[in-house]
Number of protein chains: 2
Amino acid sequence: MTGSTGDTRSRIQAVALELFTEQGYEKTSLREIAERLGVTKAALYYHFKSKDDIVTSFVSDRIERLDGLIEWAGHQPADAAGRRAILQRYSEEFFGDTGHTVMQFFEQNRTVLTHLSSGQMMRDRLLQMAAVLSRADPSPAGQLRATLAIFAVHGSTFALRGPDITVEQRKQLALDVAYEMLDRIGASGADEDRTALRS
Amino acid sequence: MTGSTGDTRSRIQAVALELFTEQGYEKTSLREIAERLGVTKAALYYHFKSKDDIVTSFVSDRIERLDGLIEWAGHQPADAAGRRAILQRYSEEFFGDTGHTVMQFFEQNRTVLTHLSSGQMMRDRLLQMAAVLSRADPSPAGQLRATLAIFAVHGSTFALRGPDITVEQRKQLALDVAYEMLDRIGASGADEDRTALRS
DNA sequence: GTCTATACTTAGATAGAC
DNA sequence: GTCTATCTAAGTATAGAC
(Lines give C-alpha, C1' and ligand atoms only; values in the text may rest on other atoms or scores of the structure.)
Protein backbone atom coordinates (compact mmCIF):
# COMPACT_ATOMS: atom_id res chain seq x y z
CA MET A 1 0.00 0.00 0.00
CA THR A 2 2.44 2.61 1.14
CA GLY A 3 5.26 0.94 -0.70
CA SER A 4 7.34 2.89 -3.13
CA THR A 5 7.07 -0.11 -5.41
CA GLY A 6 6.96 0.25 -9.11
CA ASP A 7 3.47 -0.05 -10.29
CA THR A 8 2.23 3.49 -10.42
CA ARG A 9 -0.02 2.44 -13.23
CA SER A 10 -2.03 0.01 -11.15
CA ARG A 11 -2.10 2.42 -8.22
CA ILE A 12 -3.69 4.98 -10.54
CA GLN A 13 -6.25 2.41 -11.63
CA ALA A 14 -7.13 1.52 -8.05
CA VAL A 15 -7.51 5.10 -6.85
CA ALA A 16 -9.42 6.15 -9.95
CA LEU A 17 -11.85 3.25 -9.72
CA GLU A 18 -12.47 4.05 -6.08
CA LEU A 19 -13.03 7.77 -6.59
CA PHE A 20 -15.06 7.33 -9.80
CA THR A 21 -17.37 4.94 -7.97
CA GLU A 22 -17.69 7.03 -4.82
CA GLN A 23 -18.12 10.50 -6.30
CA GLY A 24 -18.84 9.85 -9.95
CA TYR A 25 -16.68 9.95 -13.06
CA GLU A 26 -17.39 13.55 -14.06
CA LYS A 27 -17.16 14.84 -10.52
CA THR A 28 -13.71 13.36 -10.02
CA SER A 29 -10.84 15.41 -11.41
CA LEU A 30 -7.47 14.15 -12.49
CA ARG A 31 -5.89 16.59 -10.07
CA GLU A 32 -7.72 14.81 -7.26
CA ILE A 33 -6.41 11.42 -8.34
CA ALA A 34 -2.89 12.76 -8.79
CA GLU A 35 -2.84 14.45 -5.39
CA ARG A 36 -3.99 11.27 -3.68
CA LEU A 37 -1.00 9.51 -5.19
CA GLY A 38 1.49 12.29 -4.58
CA VAL A 39 2.19 12.89 -8.26
CA THR A 40 1.19 15.52 -10.81
CA LYS A 41 -1.51 15.35 -13.44
CA ALA A 42 1.12 15.05 -16.15
CA ALA A 43 2.31 11.80 -14.61
CA LEU A 44 -1.12 10.31 -15.20
CA TYR A 45 -0.80 11.19 -18.84
CA TYR A 46 2.35 9.21 -19.14
CA HIS A 47 0.45 6.07 -18.15
CA PHE A 48 -2.89 6.80 -19.81
CA LYS A 49 -3.85 8.62 -22.97
CA SER A 50 -6.85 10.33 -21.39
CA LYS A 51 -9.26 10.24 -18.51
CA ASP A 52 -11.56 7.76 -20.17
CA ASP A 53 -8.58 5.60 -21.08
CA ILE A 54 -8.22 4.92 -17.35
CA VAL A 55 -11.76 3.58 -17.38
CA THR A 56 -11.05 1.46 -20.42
CA SER A 57 -8.04 -0.05 -18.69
CA PHE A 58 -10.02 -1.58 -15.85
CA VAL A 59 -13.13 -2.33 -17.89
CA SER A 60 -11.58 -4.30 -20.72
CA ASP A 61 -10.92 -7.22 -18.42
CA ARG A 62 -14.62 -7.33 -17.48
CA ILE A 63 -15.58 -7.15 -21.13
CA GLU A 64 -13.50 -10.19 -21.92
CA ARG A 65 -15.07 -12.20 -19.14
CA LEU A 66 -18.55 -11.18 -20.27
CA ASP A 67 -17.69 -12.19 -23.81
CA GLY A 68 -16.78 -15.60 -22.51
CA LEU A 69 -20.03 -15.82 -20.60
CA ILE A 70 -22.10 -14.78 -23.60
CA GLU A 71 -20.37 -17.29 -25.82
CA TRP A 72 -21.05 -20.05 -23.28
CA ALA A 73 -24.66 -18.88 -22.90
CA GLY A 74 -25.27 -19.36 -26.58
CA HIS A 75 -24.60 -23.05 -26.15
CA GLN A 76 -26.97 -23.51 -23.25
CA PRO A 77 -30.46 -24.89 -23.89
CA ALA A 78 -32.95 -22.17 -24.80
CA ASP A 79 -35.42 -23.24 -22.13
CA ALA A 80 -36.23 -21.93 -18.67
CA ALA A 81 -33.56 -24.05 -17.00
CA GLY A 82 -30.95 -22.82 -19.44
CA ARG A 83 -31.92 -19.21 -18.82
CA ARG A 84 -31.70 -19.71 -15.07
CA ALA A 85 -28.24 -21.18 -15.43
CA ILE A 86 -27.12 -18.27 -17.58
CA LEU A 87 -28.36 -15.61 -15.22
CA GLN A 88 -26.97 -17.47 -12.27
CA ARG A 89 -23.52 -17.36 -13.78
CA TYR A 90 -24.03 -13.71 -14.67
CA SER A 91 -24.87 -12.89 -11.08
CA GLU A 92 -21.74 -14.68 -9.90
CA GLU A 93 -19.78 -12.53 -12.30
CA PHE A 94 -21.61 -9.45 -11.06
CA PHE A 95 -21.26 -10.14 -7.35
CA GLY A 96 -17.86 -11.81 -7.55
CA ASP A 97 -14.94 -10.15 -5.80
CA THR A 98 -13.00 -9.22 -8.89
CA GLY A 99 -15.87 -7.83 -10.88
CA HIS A 100 -18.06 -6.29 -8.23
CA THR A 101 -16.20 -3.02 -7.92
CA VAL A 102 -16.20 -2.44 -11.67
CA MET A 103 -19.90 -3.27 -11.93
CA GLN A 104 -20.58 -0.93 -9.05
CA PHE A 105 -18.71 1.73 -10.97
CA PHE A 106 -21.10 1.32 -13.89
CA GLU A 107 -24.09 1.29 -11.59
CA GLN A 108 -22.96 4.64 -10.18
CA ASN A 109 -22.00 6.06 -13.57
CA ARG A 110 -24.69 4.93 -15.93
CA THR A 111 -24.20 7.81 -18.33
CA VAL A 112 -20.74 6.46 -19.02
CA LEU A 113 -22.50 3.63 -20.83
CA THR A 114 -23.62 6.16 -23.42
CA HIS A 115 -20.79 8.65 -23.56
CA LEU A 116 -17.57 6.66 -23.18
CA SER A 117 -16.21 4.17 -25.66
CA SER A 118 -15.55 1.59 -22.97
CA GLY A 119 -19.04 2.20 -21.63
CA GLN A 120 -20.57 1.52 -25.01
CA MET A 121 -18.74 -1.76 -25.14
CA MET A 122 -20.20 -2.74 -21.79
CA ARG A 123 -23.64 -1.58 -22.86
CA ASP A 124 -23.26 -3.75 -25.92
CA ARG A 125 -22.55 -6.84 -23.79
CA LEU A 126 -25.58 -6.12 -21.64
CA LEU A 127 -27.76 -6.01 -24.73
CA GLN A 128 -26.23 -9.27 -25.91
CA MET A 129 -27.02 -10.83 -22.55
CA ALA A 130 -30.64 -9.76 -22.93
CA ALA A 131 -30.71 -11.10 -26.48
CA VAL A 132 -29.36 -14.51 -25.56
CA LEU A 133 -31.76 -14.75 -22.63
CA SER A 134 -34.75 -13.95 -24.82
CA ARG A 135 -33.80 -15.95 -27.88
CA ALA A 136 -36.65 -18.41 -27.22
CA ASP A 137 -38.98 -15.42 -27.58
CA PRO A 138 -37.29 -12.47 -29.26
CA SER A 139 -40.53 -10.50 -29.27
CA PRO A 140 -40.58 -7.13 -27.48
CA ALA A 141 -42.20 -8.80 -24.47
CA GLY A 142 -39.42 -11.37 -24.30
CA GLN A 143 -36.74 -8.69 -24.62
CA LEU A 144 -38.26 -6.63 -21.87
CA ARG A 145 -38.53 -9.61 -19.52
CA ALA A 146 -34.90 -10.54 -20.14
CA THR A 147 -33.81 -6.95 -19.52
CA LEU A 148 -35.76 -6.85 -16.28
CA ALA A 149 -34.20 -10.10 -15.11
CA ILE A 150 -30.74 -8.62 -15.60
CA PHE A 151 -31.84 -5.43 -13.92
CA ALA A 152 -33.03 -7.45 -10.93
CA VAL A 153 -29.38 -8.35 -10.32
CA HIS A 154 -28.15 -4.79 -10.81
CA GLY A 155 -31.01 -3.16 -8.94
CA SER A 156 -30.62 -5.38 -5.92
CA THR A 157 -27.63 -3.27 -4.96
CA PHE A 158 -29.66 -0.12 -4.41
CA ALA A 159 -33.35 -1.09 -4.40
CA LEU A 160 -32.92 -3.06 -1.22
CA ARG A 161 -32.97 -0.69 1.70
CA GLY A 162 -31.40 -1.51 4.98
CA PRO A 163 -27.75 -2.29 5.68
CA ASP A 164 -28.72 -5.37 7.66
CA ILE A 165 -28.84 -7.37 4.45
CA THR A 166 -25.78 -9.27 3.32
CA VAL A 167 -24.37 -9.45 -0.18
CA GLU A 168 -25.25 -13.13 -0.28
CA GLN A 169 -28.87 -12.36 0.56
CA ARG A 170 -29.05 -9.67 -2.10
CA LYS A 171 -27.72 -12.08 -4.63
CA GLN A 172 -30.16 -14.82 -3.71
CA LEU A 173 -33.11 -12.45 -3.64
CA ALA A 174 -32.19 -10.95 -6.99
CA LEU A 175 -32.04 -14.41 -8.53
CA ASP A 176 -35.37 -15.48 -7.03
CA VAL A 177 -37.15 -12.48 -8.48
CA ALA A 178 -35.26 -12.66 -11.75
CA TYR A 179 -36.19 -16.31 -12.23
CA GLU A 180 -39.89 -15.41 -12.06
CA MET A 181 -39.30 -13.11 -14.98
CA LEU A 182 -37.16 -15.57 -16.93
CA ASP A 183 -39.68 -18.37 -16.51
CA ARG A 184 -42.29 -16.29 -18.28
CA ILE A 185 -40.21 -15.78 -21.40
CA GLY A 186 -41.91 -17.56 -24.27
CA ALA A 187 -44.17 -19.32 -21.77
CA SER A 188 -47.70 -19.48 -23.14
CA GLY A 189 -47.63 -17.13 -26.06
CA ALA A 190 -51.32 -16.63 -25.49
CA ASP A 191 -50.55 -13.74 -23.23
CA GLU A 192 -48.68 -11.90 -25.91
CA ASP A 193 -51.45 -12.32 -28.43
CA ARG A 194 -54.01 -10.93 -26.07
CA THR A 195 -51.71 -8.05 -25.35
CA ALA A 196 -51.17 -7.19 -28.96
CA LEU A 197 -54.86 -7.21 -29.72
CA ARG A 198 -55.93 -5.36 -26.64
CA SER A 199 -54.25 -2.17 -27.74
CA MET B 1 -39.03 30.52 -32.84
CA THR B 2 -37.13 33.30 -34.51
CA GLY B 3 -39.28 35.88 -32.81
CA SER B 4 -37.70 38.54 -30.70
CA THR B 5 -40.47 37.88 -28.24
CA GLY B 6 -39.85 38.11 -24.58
CA ASP B 7 -39.46 34.76 -23.07
CA THR B 8 -35.75 34.16 -23.20
CA ARG B 9 -36.09 32.19 -20.02
CA SER B 10 -38.37 29.56 -21.47
CA ARG B 11 -36.33 29.44 -24.66
CA ILE B 12 -33.28 28.63 -22.55
CA GLN B 13 -35.23 25.89 -20.79
CA ALA B 14 -36.36 24.38 -24.06
CA VAL B 15 -32.93 24.40 -25.70
CA ALA B 16 -31.21 23.15 -22.55
CA LEU B 17 -33.66 20.29 -22.09
CA GLU B 18 -33.20 19.28 -25.68
CA LEU B 19 -29.39 19.39 -25.62
CA PHE B 20 -29.10 17.81 -22.19
CA THR B 21 -31.25 14.92 -23.35
CA GLU B 22 -29.52 14.49 -26.71
CA GLN B 23 -25.88 14.82 -25.69
CA GLY B 24 -25.98 14.54 -21.92
CA TYR B 25 -25.88 17.11 -19.14
CA GLU B 26 -22.11 17.11 -18.60
CA LYS B 27 -21.32 17.02 -22.28
CA THR B 28 -23.42 20.11 -22.98
CA SER B 29 -21.75 23.44 -22.25
CA LEU B 30 -23.45 26.70 -21.41
CA ARG B 31 -21.62 28.28 -24.31
CA GLU B 32 -23.37 25.82 -26.61
CA ILE B 33 -26.78 26.73 -25.24
CA ALA B 34 -26.04 30.42 -25.39
CA GLU B 35 -24.78 30.27 -28.96
CA ARG B 36 -27.85 28.41 -30.11
CA LEU B 37 -29.96 31.25 -28.72
CA GLY B 38 -27.74 34.05 -29.98
CA VAL B 39 -26.92 35.37 -26.51
CA THR B 40 -23.89 35.22 -24.24
CA LYS B 41 -23.25 32.90 -21.34
CA ALA B 42 -23.78 35.76 -18.96
CA ALA B 43 -27.33 36.12 -20.15
CA LEU B 44 -28.04 32.62 -18.94
CA TYR B 45 -26.79 33.65 -15.52
CA TYR B 46 -29.28 36.44 -15.37
CA HIS B 47 -32.13 33.94 -15.69
CA PHE B 48 -30.61 31.04 -13.75
CA LYS B 49 -28.26 30.85 -10.80
CA SER B 50 -26.26 27.98 -12.23
CA LYS B 51 -26.25 25.17 -14.75
CA ASP B 52 -28.07 22.81 -12.47
CA ASP B 53 -30.59 25.52 -11.65
CA ILE B 54 -31.75 25.21 -15.25
CA VAL B 55 -32.45 21.55 -14.61
CA THR B 56 -34.30 22.37 -11.41
CA SER B 57 -36.51 24.81 -13.27
CA PHE B 58 -37.98 22.23 -15.60
CA VAL B 59 -37.95 19.38 -13.11
CA SER B 60 -39.80 21.01 -10.24
CA ASP B 61 -43.03 20.87 -12.16
CA ARG B 62 -42.60 17.10 -12.61
CA ILE B 63 -41.83 16.71 -8.92
CA GLU B 64 -45.07 18.40 -7.98
CA ARG B 65 -47.09 16.14 -10.21
CA LEU B 66 -45.36 13.08 -8.80
CA ASP B 67 -46.08 14.30 -5.29
CA GLY B 68 -49.74 14.47 -6.20
CA LEU B 69 -49.61 10.98 -7.63
CA ILE B 70 -47.87 9.56 -4.57
CA GLU B 71 -50.35 11.20 -2.24
CA TRP B 72 -53.23 9.75 -4.24
CA ALA B 73 -51.53 6.34 -4.34
CA GLY B 74 -51.45 6.22 -0.57
CA HIS B 75 -55.22 6.25 -0.54
CA GLN B 76 -55.63 3.43 -3.02
CA PRO B 77 -56.31 -0.08 -1.75
CA ALA B 78 -53.12 -1.97 -0.94
CA ASP B 79 -54.07 -4.93 -3.09
CA ALA B 80 -53.08 -6.04 -6.57
CA ALA B 81 -55.82 -4.02 -8.26
CA GLY B 82 -54.73 -0.92 -6.36
CA ARG B 83 -51.12 -1.42 -7.36
CA ARG B 84 -52.11 -1.82 -11.00
CA ALA B 85 -54.10 1.39 -10.87
CA ILE B 86 -51.17 3.24 -9.33
CA LEU B 87 -48.64 2.06 -11.88
CA GLN B 88 -51.07 2.72 -14.69
CA ARG B 89 -51.34 6.33 -13.65
CA TYR B 90 -47.58 6.51 -13.25
CA SER B 91 -47.07 5.29 -16.78
CA GLU B 92 -49.51 7.90 -18.06
CA GLU B 93 -47.44 10.50 -16.27
CA PHE B 94 -44.28 9.00 -17.72
CA PHE B 95 -45.46 8.69 -21.30
CA GLY B 96 -47.65 11.78 -21.29
CA ASP B 97 -46.75 14.64 -23.63
CA THR B 98 -45.79 17.12 -20.97
CA GLY B 99 -43.68 14.83 -18.88
CA HIS B 100 -42.12 12.53 -21.42
CA THR B 101 -39.27 14.82 -22.42
CA VAL B 102 -38.25 15.44 -18.83
CA MET B 103 -38.42 11.74 -17.98
CA GLN B 104 -36.32 11.01 -21.06
CA PHE B 105 -33.82 13.54 -19.79
CA PHE B 106 -33.46 11.57 -16.56
CA GLU B 107 -33.26 8.31 -18.45
CA GLN B 108 -30.35 9.72 -20.45
CA ASN B 109 -28.72 11.36 -17.44
CA ARG B 110 -29.10 8.91 -14.61
CA THR B 111 -26.09 10.19 -12.71
CA VAL B 112 -27.91 13.47 -12.30
CA LEU B 113 -30.17 11.58 -9.90
CA THR B 114 -27.20 11.25 -7.56
CA HIS B 115 -25.24 14.42 -8.12
CA LEU B 116 -27.78 17.21 -8.61
CA SER B 117 -30.15 18.53 -6.00
CA SER B 118 -33.09 18.36 -8.36
CA GLY B 119 -32.06 14.86 -9.30
CA GLN B 120 -32.05 13.74 -5.72
CA MET B 121 -35.58 15.06 -5.36
CA MET B 122 -36.65 12.98 -8.33
CA ARG B 123 -34.81 9.95 -7.01
CA ASP B 124 -36.62 10.44 -3.73
CA ARG B 125 -40.00 10.34 -5.46
CA LEU B 126 -39.05 7.18 -7.30
CA LEU B 127 -38.20 5.52 -4.01
CA GLN B 128 -41.51 6.69 -2.56
CA MET B 129 -43.29 5.18 -5.53
CA ALA B 130 -41.59 1.85 -4.86
CA ALA B 131 -42.46 2.11 -1.18
CA VAL B 132 -46.14 2.79 -1.76
CA LEU B 133 -46.31 -0.03 -4.30
CA SER B 134 -44.76 -2.51 -1.89
CA ARG B 135 -46.51 -1.43 1.29
CA ALA B 136 -48.50 -4.69 1.34
CA ASP B 137 -45.14 -6.45 1.56
CA PRO B 138 -42.32 -4.13 2.58
CA SER B 139 -39.85 -7.00 2.70
CA PRO B 140 -36.77 -6.81 0.46
CA ALA B 141 -38.51 -9.08 -2.04
CA GLY B 142 -41.50 -6.75 -2.19
CA GLN B 143 -39.29 -3.70 -2.60
CA LEU B 144 -37.37 -5.29 -5.41
CA ARG B 145 -40.53 -6.34 -7.24
CA ALA B 146 -41.97 -2.83 -6.95
CA THR B 147 -38.73 -1.33 -8.22
CA LEU B 148 -38.70 -3.68 -11.17
CA ALA B 149 -42.28 -2.82 -12.03
CA ILE B 150 -41.35 0.86 -12.21
CA PHE B 151 -38.27 0.01 -14.19
CA ALA B 152 -40.40 -1.89 -16.69
CA VAL B 153 -41.97 1.45 -17.59
CA HIS B 154 -38.65 3.27 -17.80
CA GLY B 155 -36.80 0.44 -19.51
CA SER B 156 -39.41 0.03 -22.19
CA THR B 157 -37.98 3.15 -23.81
CA PHE B 158 -34.62 1.54 -24.54
CA ALA B 159 -34.93 -2.20 -23.95
CA LEU B 160 -37.33 -2.55 -26.85
CA ARG B 161 -35.35 -2.68 -30.04
CA GLY B 162 -36.82 -1.79 -33.37
CA PRO B 163 -38.27 1.57 -34.39
CA ASP B 164 -41.38 -0.12 -35.75
CA ILE B 165 -42.91 -0.06 -32.30
CA THR B 166 -45.17 2.83 -31.29
CA VAL B 167 -45.14 4.69 -28.02
CA GLU B 168 -48.57 3.30 -27.27
CA GLN B 169 -47.31 -0.25 -27.77
CA ARG B 170 -44.32 0.36 -25.53
CA LYS B 171 -46.59 1.68 -22.85
CA GLN B 172 -48.98 -1.27 -23.06
CA LEU B 173 -46.17 -3.80 -23.09
CA ALA B 174 -44.45 -2.18 -20.14
CA LEU B 175 -47.67 -2.33 -18.15
CA ASP B 176 -48.33 -5.95 -19.05
CA VAL B 177 -44.93 -7.05 -17.85
CA ALA B 178 -45.02 -4.73 -14.82
CA TYR B 179 -48.37 -6.14 -13.73
CA GLU B 180 -46.88 -9.63 -13.56
CA MET B 181 -44.38 -8.29 -11.09
CA LEU B 182 -46.92 -6.27 -9.10
CA ASP B 183 -49.28 -9.21 -8.78
CA ARG B 184 -46.58 -11.20 -7.04
CA ILE B 185 -46.05 -8.63 -4.30
CA GLY B 186 -47.16 -10.14 -1.01
CA ALA B 187 -48.75 -12.99 -2.90
CA SER B 188 -48.06 -16.26 -1.14
CA GLY B 189 -45.44 -15.37 1.40
CA ALA B 190 -44.40 -18.99 1.28
CA ASP B 191 -41.96 -18.17 -1.48
CA GLU B 192 -40.17 -15.63 0.64
CA ASP B 193 -39.82 -18.00 3.56
CA ARG B 194 -38.36 -20.65 1.38
CA THR B 195 -36.00 -18.11 -0.05
CA ALA B 196 -34.81 -16.89 3.31
CA LEU B 197 -34.17 -20.39 4.55
CA ARG B 198 -32.57 -21.68 1.41
CA SER B 199 -29.59 -19.42 1.78
C1' DG C 1 -35.38 44.53 -15.96
C1' DT C 2 -32.31 42.50 -19.70
C1' DC C 3 -28.27 41.72 -21.38
C1' DT C 4 -22.79 42.36 -22.75
C1' DA C 5 -17.90 42.64 -21.50
C1' DT C 6 -14.61 40.95 -18.92
C1' DA C 7 -12.28 38.26 -15.73
C1' DC C 8 -11.52 34.34 -12.25
C1' DT C 9 -10.93 29.42 -11.23
C1' DT C 10 -10.56 24.85 -12.51
C1' DA C 11 -10.90 21.21 -15.92
C1' DG C 12 -8.54 17.95 -19.42
C1' DA C 13 -4.61 17.81 -22.25
C1' DT C 14 0.27 18.62 -24.38
C1' DA C 15 5.42 19.94 -24.88
C1' DG C 16 9.64 19.70 -23.29
C1' DA C 17 13.19 19.74 -19.41
C1' DC C 18 15.34 16.70 -15.99
C1' DG D 1 9.16 8.04 -15.42
C1' DT D 2 8.08 12.28 -13.59
C1' DC D 3 7.77 17.50 -13.25
C1' DT D 4 7.14 22.51 -14.85
C1' DA D 5 4.84 25.28 -17.74
C1' DT D 6 1.31 26.22 -20.76
C1' DC D 7 -2.96 25.82 -23.72
C1' DT D 8 -7.97 25.76 -24.47
C1' DA D 9 -12.43 25.48 -22.79
C1' DA D 10 -15.42 24.79 -19.00
C1' DG D 11 -18.53 26.83 -15.05
C1' DT D 12 -18.98 30.88 -12.47
C1' DA D 13 -19.26 35.75 -11.08
C1' DT D 14 -19.63 40.77 -11.31
C1' DA D 15 -19.67 45.54 -13.15
C1' DG D 16 -21.95 48.25 -15.98
C1' DA D 17 -24.45 49.55 -20.67
C1' DC D 18 -29.18 50.16 -22.25
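Hydrogens, waters and symmetry mates are skipped; everything else that's a heavy atom, side chains included, is used. Here is the naming used below: chain letters follow the sequence lines, and residue numbers restart at 1 for every chain.
- Ion pairing between a basic and an acidic side chain is recognised when a charged N comes within 4.0 Å of a carboxylate O; B:Arg84 and B:Asp183 show such pairing.
- Near DNA chain C, meaning a heavy atom under 4.0 Å from it, residues 22-30 of chain A has A:Thr28, A:Ser29, A:Leu30 in order of number.
- Side-chain proximity of B:Tyr45 to D:dT2, D:dT12, C:dA13: nearest is D:dT12.
- Look at NE2 on B:His115: it is 16 Å from P on D:dG11, rounded to the nearest Å.
- Taking hydrophobic clusters as Ile, Leu, Val, Met, Phe, Trp and Tyr residues chained together by side-chain heavy-atom distances below 4.5 Å, A:Leu19 shares a cluster with A:Phe105.
- Of the possible donor and acceptor atoms, none in the side chain of B:Lys41 sits under 3.5 Å from a partner among the backbone N and O of B:Ser29.
- Taking the nucleotide of DNA chain C with the nearest heavy atom to each of A:Glu32 and A:Ala42, the more 5' of the two is matched to A:Glu32.
- If you check C:dT4, C:dA13, D:dT2 against the side chain of A:Ser50, the one that comes closest is C:dA13.
- In A:Arg135, the CZ atom is crowded: over 12 heavy atoms of neighbouring residues, nucleotides or ligands sit closer than 6.0 Å.
- Separating the CG atom of B:Leu37 from the C1' atom of C:dT4 is a distance of 15 Å, rounded to the nearest angstrom.
- In the set C:dT4, C:dG1, C:dA13, the nucleotide with an atom closest to the side chain of B:Thr40 is C:dT4.
- Rounded to whole Å, the distance from NZ on B:Lys49 to P on D:dG11 is 17 Å.
- A:Phe158 and B:Leu127 fall into different hydrophobic clusters, where Ile, Leu, Val, Met, Phe, Trp and Tyr side chains are chained together by heavy-atom contacts under 4.5 Å.
- In this entry the distance linking CD1 of A:Ile12 with C1' of D:dT2 reads 11 Å, nearest Å.
- Between the side chain of B:Lys41 and the base of D:dT12, at least one donor-acceptor pair of N or O atoms lies under 3.5 Å.
- No donor-acceptor pair closer than 3.5 Å links the side chain of A:Gln108 to the backbone N or O of A:Gly24.
- Taking atom CZ on A:Phe48 and atom P on D:dG1, their separation rounds to 12 Å, with Å as the unit.
- Using a 4.0 Å cut-off, some side-chain N or O of A:Arg31 falls inside it from OP1 or OP2 of C:dA11.
- In this structure, B:His47 reaches the C:dC3 phosphate: one of its side-chain N or O atoms is under 4.0 Å from OP1 or OP2.
- Using the six-membered ring where Trp is involved, A:His154 and A:Tyr90 have ring planes that are parallel, under 30° apart on the 30 and 60° scheme.
- The 5' end of DNA chain D is approached more closely, in terms of each residue's nearest nucleotide, by A:Val39 than by the other of A:Val39 and B:Lys51.
- Distances shown here put a side-chain N or O of B:Tyr46 below 4.0 Å from the OP1 or OP2 atom of C:dT2.
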